[in-house]
Protein chains: 2
Amino acid sequence: MVTDGLTEMLRGTLEGIVLKLIDAEETYGYAITRRLNELGFADLTEGTVYTILLRLEKRGLVDVSKRPSEVGPPRKFYALNDAGRRELATFWARWDYLSSRIDELKES
Amino acid sequence: MVTDGLTEMLRGTLEGIVLKLIDAEETYGYAITRRLNELGFADLTEGTVYTILLRLEKRGLVDVSKRPSEVGPPRKFYALNDAGRRELATFWARWDYLSSRIDELKES
DNA sequence: TAGTGGTACCTTGTGAGATAAGGTAGTTCC
DNA sequence: GGAACTACCTTATCTCACAAGGTACCACTA
């Protein structure tokens with residue numbers, strides 16, 4: 001499978017991906033994990049996502065609010081704040097730069 | 001600069017990039033570093049490239065031959081072998097997969 | 001009421017890889 | 001003999017994705 005060995009390649013982009021998901025919609029760890037699995041990142045586990053979320057919180061890129069769920073334990077909802085949106089913009093700039101450079105190289 | 005903080009994003013792709021450069025032309029560490037700097041990876045240093053080259057050699061992905069230079073110390077030339085070409089193909093498959101997923105996400 | 005399955009959170013340790021910060025030598029030219 | 005360029009290498013450090021655990025809430029049912 002192509003998805004084998006994606007781990008190293010995900011470094012430095014996974015955080016941006018999570019930022020984007022949070023930007024699209026206020027959401028929580030368990031749902032983000034599910035969403036990422038759907039999106040093609042099949043091997044991603046909850047542990048990975050939670051370490052990222054805690055990092056984002058620690059860096060002050062997200063606002064957090066705990067809310068009860070009707071089907072399980074309370075959920076920790078994450079929303080991007082201004083710093084988070086700036087970080088996301090930076091992420092896309094870096095991504096565009098890197099992917100352009102690599103695609104150029106690939107076609108050469 | 002966009003190139004700031006590219007480090008983490010380069011993880012797992014830099015090796016593939018180096019494989020591609022070697023595939024294009026038998027070459028050596030110092031020249032690879034220069035080429036990468038030209039290609040937009042401005043902050044990349046020799047130390048980084050040499051650790052990758054030694055890893056490629058250890059994994060048996062390249063053939064190595066030392067040859068004298070007319071302008072300095074002898075050069076260690078690297079050429080891709082069959083295993084290296086297979087690895088490069090795998091790298092592109094992974095890259096295409098990852099960049100597609102991310103670009104989809106970006107446009108959504 | 002004990003068990004199962006789904007939801008939802010977290011922690012700790014490990015490993016891989018890019019980088020920084022050094023070092024050693026060969027050549028050319030003044 | 002001292003720059004400046006070429007050319008190689010090593011070691012220690014840091015970050016980050018992940019594995020492998022754990023806790024707890026809720027609904028259902030045997």
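Lettering of chains follows the sequences in order, A, B, ..., and the numbering in each one begins at 1. None of the values given here were measured: they were computed from a predicted structure.
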Quick check on [N]: is either OP1 or OP2 less than 4.0 Å from any side-chain nitrogen or oxygen of [X]?
{"X": "A:Y50", "N": "C:dC10", "result": "no"}
{"X": "A:T51", "N": "D:dA17", "result": "no"}
{"X": "B:T7", "N": "C:dT19", "result": "yes"}
{"X": "B:R34", "N": "D:dT6", "result": "yes"}

*Please tell me which of A:R55 and A:G47 maps to the more 5' nucleotide of DNA chain D, matching each residue to the nucleotide holding its nearest heavy atom.*
A:R55
*asked:* Please compare B:K66 and A:E15 by the position of their nearest nucleotide in DNA chain D and report the one closer to 5'.
replied: B:K66
Can you check the [X] [atom1] to [N] [atom2] distance for me, whole Å?
{"X": "A:K58", "N": "C:dC10", "atom1": "NZ", "atom2": "P", "value": "11 Å"}
{"X": "B:I32", "N": "D:dA7", "atom1": "CD1", "atom2": "P", "value": "12 Å"}
{"X": "A:E70", "N": "D:dC28", "atom1": "CD", "atom2": "C1'", "value": "17 Å"}
{"X": "B:L56", "N": "C:dA18", "atom1": "CG", "atom2": "P", "value": "10 Å"}
{"X": "A:Y28", "N": "D:dA24", "atom1": "OH", "atom2": "P", "value": "21 Å"}
{"X": "A:L10", "N": "D:dA17", "atom1": "CG", "atom2": "C1'", "value": "8 Å"}
{"X": "B:R35", "N": "D:dA7", "atom1": "CZ", "atom2": "C1'", "value": "19 Å"}
{"X": "A:L6", "N": "C:dG17", "atom1": "CG", "atom2": "P", "value": "14 Å"}

*Can you see which heavy atom on B:Y78 is nearest to which on B:I22, and at what distance?*
O-CG2, 3.3 Å
*Which comes earlier along DNA chain C counting from the 5' end, the contact point of A:R75 or that of B:E8, where each point is its nearest nucleotide?*
A:R75
*asked:* Both A:Y78 and B:V71 contact DNA chain C. Which one's nearest nucleotide lies toward the 5' end?
replied: A:Y78
Contact class for [X] (heavy atom, under 4.0 Å): base, sugar-phosphate, or nothing?
{"X": "A:R67", "result": "nothing"}
{"X": "A:T48", "result": "base"}
{"X": "B:S69", "result": "sugar-phosphate"}

Would you mind checking if [Y] and [X] are paired as a salt bridge, meaning a charged N to carboxylate O distance below 4.0 Å?
{"X": "A:E25", "Y": "A:R35", "result": "no"}
{"X": "A:D23", "Y": "A:K20", "result": "no"}
{"X": "B:K106", "Y": "B:D103", "result": "no"}

*Presence of donor-acceptor pair under 3.5 Å, side chain of B:E46 and base of D:dC8*: yes
Between [options], which nucleotide gets closest to the side-chain atoms of [X]?
{"X": "A:P73", "options": "D:dA7, C:dA8, C:dT12", "answer": "C:dA8"}
{"X": "A:K76", "options": "C:dT19, C:dC9, D:dC25", "answer": "C:dC9"}
{"X": "A:Y30", "options": "C:dG6, D:dC5, D:dA17", "answer": "C:dG6"}
{"X": "A:I52", "options": "D:dA17, D:dC5, C:dT19", "answer": "D:dA17"}

*B:R67 backbone acceptor or donor facing B:Y28 side chain under 3.5 Å*: no
*asked:* Please report the interatomic distance CG(A:L61) to CG(A:D82), rounded to the nearest 0.5 Å.
replied: 11.0 Å
